[in-house]
Amino acid sequence: MNSFRTRFAPSPTGRLHLGHVFSAIQVRTAADRAGGEALLRLEDTDLGRCRPEFEAGILEDLDWLGLAWDGPVRRQSDHLGDYARVVETLRAKGLVYRCFRTRKDIQAMTDGRPDAPFQSEALPAGEESARLDRGDAFAWRLSLHRALEHLGSAVEPLRFGVETEEKMVWVQAEPERFGDIALTRKDSPAAYHLAACHDDALQGITHVIRGEDLIDAPHIHTVLQALMGWPTPLYRHHRLLLGPDGKRLSKRDGSMAIAALRDAGYGQDAVRKMAGAA
Ligand code: GLU
């Protein structure tokens, strides 16, 4: 296997904007410098928000920019069975539970703080089967305390390596910052953490390079990796491109969409430059 393999993993919930292209260029350039590979993965398990036309748009925009990828493109929605098998494996170990809580319940339990760790428990068996009989939707959640108990002292303390330009540092994982993460959602058969960690392992990703909005994700990814026997890659986080208002670019900033810039007459080189390419 190649000793450096990374990936660009957009979610087709909108068109690509300059921030995505900045990230894609970081990923491609890092792989080229290391003589390694950069894969393209479409993270489209949020079936309610992802659309085939956004996927087509992403592929078209990357192609137009001349950003090419190694190996076949992996579309996560084609592999939902893979993620279901991980949930089954964790279920067999007694580490997951069905969570019927609504968004409102969760907000009330976490004082409305979106990043507060959420923790719950399985319902008593009778109540759970009544809700299942009623057809109530649920998410599978990983019970963090059971997961940590299960891992016990059998593994090294959970930690991960973060690379910066100058050095590599080991960071002690603090998974309690995440609480019980959702492995599936009521409306999505695989949630981000599960699908991303599974695919990083499956695809032999050695370096995860992504925006600093996901800087904390390895704190919980190391738990999934340890439970599943998956290797922990090294992590690099790049800065986020900011819009004229000083806020990070988002899909709402339509003017920064690659398609809009192309329609306004900008060429590939100009757009790559705007996205910070040398
Ligand atoms: N699909 C994620 C996003 O578009 C990226 C996740 C990752 O790189 O791990 O924000």
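For the numbers below, each heavy atom of this structure counts, side chains included, while hydrogens, waters and symmetry mates do not. These numbers come from a predicted model, not from an experiment. Both counts, for ligands and for their atoms, begin at 1 and track the order of listing.
Between the side chains of Ser143 and Asp180, not a single donor N or O lies within less than 3.5 Å of an accepting N or O.
Within the 4.0 Å heavy-atom shell around ligand 1 one finds Arg7. Taking a 4.0 Å cut-off on heavy atoms, Phe8 fails to register as neighbouring ligand 1.
Taking each of His193, Arg210, Gln76, Glu43 in turn, the one with a heavy atom nearest to atom 6 (C) of ligand 1 proves to be Glu43.
Across every non-hydrogen atom of Thr206 and Ser3, the tightest pair is OG1-O, 3.6 Å.
Residues meeting the side-chain hydrogen bond (donor to acceptor under 3.5 Å, both in side chains) test with Glu43, sequence neighbours left out: Arg41.
Aromatic rings from Phe178 and His219 are positioned such that their centres are separated by 6.0 Å or more.
Here Leu214 has side-chain heavy atoms under 4.0 Å from ligand 1, and that is the only part of it that gets that close.
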Could you pull out all donor-acceptor pairs under 3.5 Å where a side-chain atom in residues 256-266 meets a protein atom, sequence neighbours excluded?
{"unit_1": "Arg262", "atom_1": "NH1", "unit_2": "Asp61", "atom_2": "OD1", "d": "3.2"}
{"unit_1": "Arg262", "atom_1": "NH2", "unit_2": "Glu60", "atom_2": "OE2", "d": "3.0"}
{"unit_1": "Arg262", "atom_1": "NH2", "unit_2": "Asp61", "atom_2": "OD1", "d": "3.4"}

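Distances below 4.0 Å separate heavy atoms of Ala9 from the following atoms of ligand 1: 1 (N), 2 (C), 3 (C), 4 (O), 5 (C).
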